[in-house]
Amino acid sequence: MEPQYDLLPLSIFGRGLFIEVIIIGFFKDYKESVQAFIDHDPAASSRLEIILLYPGFKALRSHKKAQWFLNHGMPFIARAISQRCARRTGIEIHPGAKIGKRVCIDHGSGIVIGETCEIGDDCMIYQGVTLGGTGKDTGKRHPTLENGVMVGSGAKVLGPITIGHNAKVAAGAVVVKDVEPNATVVGVPGRVVRIDGERIDDLDQVNMPDPVMEDILANSRLIDELKQQINRLEDKNSENIEYII
């Protein structure tokens, strides 16, 4: 007769190890999230302030809860959590959105993140940003932000497009096309601005070049040149008329 072994201790150990791994992962993610806000927001005075008072941090933690319920077949509860968070923080994140690690939402009021949106690690999103759809697409309807993307306040990124890693979308820009990595997008509609073909490390959201205004100024200079040519032709014609008389 073969000896019988009690498998209960092994099963308990296995469950305990599994739970321990989950707890360690949770606190690691929590700590990284808090640190991301400290790194990006010079106004943050303490970790406790971020945890208790920052709407962006609260919205991201709430999203994780909502997504858990959605992934476990409880979409109504997931949406309820999402809408409650939207009322309390002014930040609406659909439970289906995929958000990476160390994402920071600064201030956050007015932010909308759609259902099929994907946000990579170390992204920075400012207030008033819309990561939405155009209303014409089905399936994947919302943008994908790769790692390290920064989206300035009031910017609109629309449709199933991809914003490449380390790209920056300036405040107020409207982006409806794919953006290459390490590029900076400004204006309406969004246009890529390059400086020697290299990434801009520190985006100045106030003194960024405005491609629309540059085109207006170029047209204004062209009009001035045409006016000068017309004046010269008129003067020449007047001289010819006086000579004939």
Side-chain angles (χ1 to χ4, degrees), residues 21-41 43-44 47-133 137 139-163 165 167 169 175:
V21 169
I22 291 177
I23 292 174
I24 291 173
F26 171 80
F27 280 106
K28 181 181 178 183
D29 178 68
Y30 199 90
K31 184 178 179 181
E32 287 182 346
S33 296
V34 174
Q35 188 61 45
F37 279 81
I38 291 176
D39 293 340
H40 287 97
D41 188 359
R47 287 175 169 78
L48 185 63
E49 178 187 9
I50 292 170
I51 294 170
L52 298 180
L53 303 178
Y54 273 45
F57 181 82
K58 291 182 178 180
L60 290 170
R61 303 315 300 181
S62 177
H63 171 69
K64 290 186 178 294
K65 299 175 191 174
Q67 194 170 54
W68 186 91
F69 281 100
L70 181 68
N71 293 339
H72 287 79
M74 293 175 274
F76 183 84
I77 297 176
R79 288 290 286 174
I81 293 173
S82 172
Q83 292 304 306
R84 181 173 181 269
C85 176
R87 289 193 300 271
R88 297 184 65 184
T89 65
I91 303 169
E92 183 173 353
I93 308 176
H94 194 283
K98 298 178 181 178
I99 300 179
K101 299 178 180 179
R102 299 178 297 278
V103 172
C104 182
I105 294 178
D106 192 8
H107 297 292
S109 180
I111 286 178
V112 177
I113 300 176
E115 178 185 10
T116 60
C117 184
E118 299 177 36
I119 301 175
D121 299 337
D122 303 303
C123 290
M124 182 74 182
I125 302 173
Y126 288 89
Q127 68 271 16
V129 167
T130 298
L131 304 178
D137 303 292
K140 172 66 169 157
R141 309 183 304 280
H142 303 101
T144 296
L145 275 56
E146 295 184 349
N147 296 341
V149 170
M150 191 284 290
V151 186
S153 59
K156 313 299 177 187
V157 184
L158 306 175
I161 62 176
T162 299
I163 309 299
H165 63 268
V169 180
V175 184

**Message:** Looking only at side-chain N and O atoms, does N71 offer a donor or acceptor that is under 3.5 Å from a partner on Q67?
**Reply:** no
**I161 side, atom CD1; L145 side, atom CG - distance, nearest 0.5 Å** = 8.5 Å
**Prompt:** Atom SG in C85, atom CD1 in I93: separation rounded to 0.5 Å?
**Reply:** 6.0 Å
**Prompt:** Would you call E32 and R102 a salt bridge, using N to O less than 4.0 angstrom?
**Reply:** yes
**Message:** Under a 3.5 Å distance rule, please check whether H40 uses its side chain to pair with a backbone N or O of A36 as donor and acceptor.
**Reply:** yes
**Flag if over 12 foreign heavy atoms under 6.0 Å of NZ, K98** = no
**Item:** Any donor-acceptor pair under 3.5 Å from R84 side chain to S82 backbone
**Value:** no
**Prompt:** Any side-chain heavy-atom pair from Q35 and R47 closer than 4.5 angstrom?
**Reply:** yes
**Request:** Please report the C-alpha distance between L131 and I125 in whole Å, then the side-chain angles of each, then the deciding distance to 0.1 Å, and finally whether the side chain to side chain contact (heavy atoms under 4.5 Å, CB included) criterion is met.
**Result:** CA-CA 10 Å; L131 304 178; I125 302 173; 4.2 Å; yes
**Request:** Kindly determine whether S62 and I81 satisfy side chain to side chain contact (heavy atoms under 4.5 Å, CB included), including the steps that lead there.
**Result:** CA-CA 7 Å; S62 177; I81 293 173; 3.3 Å; yes
**Request:** Would you please test F37 and L60 for side chain to side chain contact (heavy atoms under 4.5 Å, CB included) and show each step?
**Result:** CA-CA 12 Å; F37 279 81; L60 290 170; 4.0 Å; yes
**Request:** Only counting residues at least two apart or in another chain, list the ones meeting side-chain contact (heavy atoms from CB on, under 4.5 Å) with D106.
**Result:** D41, M124, Y126
**Prompt:** What distance separates Y54 OH from I105 CD1, expressed to the nearest 0.5 Å?
**Reply:** 13.5 Å
**Request:** Could you list the residues that satisfy side-chain contact (heavy atoms from CB on, under 4.5 Å) with H142, not counting sequence neighbours?
**Result:** E115, T116, C117
**Request:** Kindly compute the distance separating CD1 (I111) from OG1 (T89), expressed to the nearest 0.5 Å.
**Result:** 9.0 Å
**Message:** Between E146 (side chain only) and H165 (backbone N and O only), is there a donor and an acceptor less than 3.5 Å apart?
**Reply:** yes
**Message:** Would you compute the distance between atom SG of C123 and atom CD1 of I163 and round it to the nearest 0.5 angstrom?
**Reply:** 10.5 Å
